[in-house]
Amino acid sequence: MMPATSALQLSLYRDIPRAEWARLAKGMDQPLTEQEIVQIRGLGDRLDVNEVRDVYLPISRLLSAWARGTRQIGSELAGFLGEEQPRIPFVVGVAGSVAVGKSTVARLLRELMSRWGDTPRVELVTTDGFLHPNAELERRGLMGRKGFPESYDRRALVDFVTRVKSGEPEVRAPFYSHVKYDIMPDASVVVRSPDVLIVEGLNVLQPPPTPNDVAVSDLFDFSIFVDADSMNIEKWFIDRFLKLRAGAFSNPASYFNVFQHLSDDEAIETARGIWSDINLPNLISNVEPTKHRGTLVLRKGAEHAVERVLLRKL
């Protein structure tokens, strides 16, 4: 289903096989234990010690070095202008489909980057908190398009990242409950002067809606797109749905508690319907077209492991 990589994309990226990328980890200490990795990985992910060492440890080192280089450029610019150099957070965007594993990637990079001396304070915010509340989505007739670009408060997200990047000592983001499937009005996520801010979400690499608008991706210093064939992602989504039915959906407070008593066949059919009616159209129309905007693309195979790394040429 995914189109073949175009000549333009090939010219934009270094296409690095996993084995070649893994050689970059030589001499690097593995900072995470197997237990820590189990706690980080998402439902259905098969993240293990080898994947962390071969793929994500080099990425974390690259990001830390990139952050250091960005600060150096900022310092030189401030010196040129005769200004004092403020400490500006390095902002990383992580994008990709539902169920592709982008949340795990974001959590893992938060842990790994915080172990490097250049980037000890790393904060992670997901764009779920910038979804419009369910009542507003209902009012606009968008509950069936939750996760599509129009279901987010784009201006609030841009304002949040702008304030963090401007050096405000404390910035608050709305809190989204995956149990209630809604924004919690009395809760928030607080970000305090990080070295690195990771912003994770489906549509974070979307271009601005009009030429005069600012996209949140305009504020990123580095961006990652987690990529896989849609047929594989569909399978991962269904597998995850079945696991949630046996776990989180059994919570009486869960928005999705109505799915708890479905038979296996009914659950598979329900998950397949959600995928084909909502997630696949969003992937095709909105998420997949932004892949080429990533600084780095992680290409996953059928077993959820990264097989290739595409790094944009400078």
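The structure displayed is predicted, hence computed values, not measured ones. Atom set for the values below is all heavy atoms of this structure, side chains included, hydrogens, waters and symmetry mates excluded.
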List the atom pairs, with distances to 0.1 Å, where a side-chain N or O of residues 19-31 and a protein N or O form a donor-acceptor pair under 3.5 Å, not counting sequence neighbours.
unit_1 : atom_1 : unit_2 : atom_2 : d
W21    : NE1    : V55    : O      : 3.0
Q30    : OE1    : L32    : N      : 3.1

Under 3.5 Å, side-chain donor or acceptor atoms of residues 86-102 against the rest of the protein: list the pairs with distances, not counting sequence neighbours.
unit_1 : atom_1 : unit_2 : atom_2 : d
R87    : NE     : D195   : OD1    : 3.1
R87    : NH2    : D195   : OD1    : 2.4
K102   : NZ     : S97    : O      : 3.1

Report the residues that fulfil side chain to side chain donor-acceptor pair (under 3.5 Å) with [X], sequence neighbours left out, ordered by chain and then residue number.
X    : value
T295 : S223
E303 : R46
R41  : none
N232 : none

Quick test of your reading of the model: are [X] and [Y] salt-bridged, counting only N-O distances below 4.0 Å?
X    : Y    : value
R299 : D15  : no
R107 : E111 : no
R53  : D48  : no
K243 : D239 : no

(request) Could you note down all residue pairs passing ring pair (Phe, Tyr, Trp, His ring centres under 6.0 Å) where residues 264-286 supplies at least one of them, sequence neighbours left out? (result) F237-W275
(message) Checking the side chain of R71 only, and the main-chain atoms of D118 only, is there a donor and an acceptor separated by less than 3.5 Å?
(response) yes
(message) Other residues, nucleotides and ligands only: do more than 12 of their heavy atoms fall within 6.0 Å of CZ on R140?
(response) yes
(request) Just jot down the ring pair (Phe, Tyr, Trp, His ring centres under 6.0 Å) partners of H261, sequence neighbours excluded, or say none. (result) none
(request) Not counting sequence neighbours, which residues clear ring pair (Phe, Tyr, Trp, His ring centres under 6.0 Å) with F130? List them please. (result) F160
All N/O donor-acceptor pairs, side-chain side in residues 202-213, below 3.5 Å, sequence neighbours left out:
unit_1 : atom_1 : unit_2 : atom_2 : d
N203   : ND2    : G147   : O      : 2.7
Q206   : NE2    : N286   : O      : 2.6
T210   : OG1    : D213   : OD2    : 2.8

(request) Tell me, with the steps shown, if T104 and D45 meet side-chain hydrogen bond (donor to acceptor under 3.5 Å, both in side chains). (result) CA-CA 8 Å; T104 296; D45 280 348; 2.3 Å; yes
(request) Using the test side chain to side chain contact (heavy atoms under 4.5 Å, CB included), find all partners of E150 that sit at least two apart in sequence or belong to another chain. (result) L142, R145, F148
N/O donor to acceptor pairs below 3.5 angstrom from side-chain atoms of residues 180-193, sequence neighbours left out:
unit_1 : atom_1 : unit_2 : atom_2 : d
D182   : OD1    : N134   : N      : 2.9
S188   : OG     : R172   : NH1    : 3.0
R192   : NE     : E170   : OE1    : 3.1
S193   : OG     : P169   : O      : 3.4

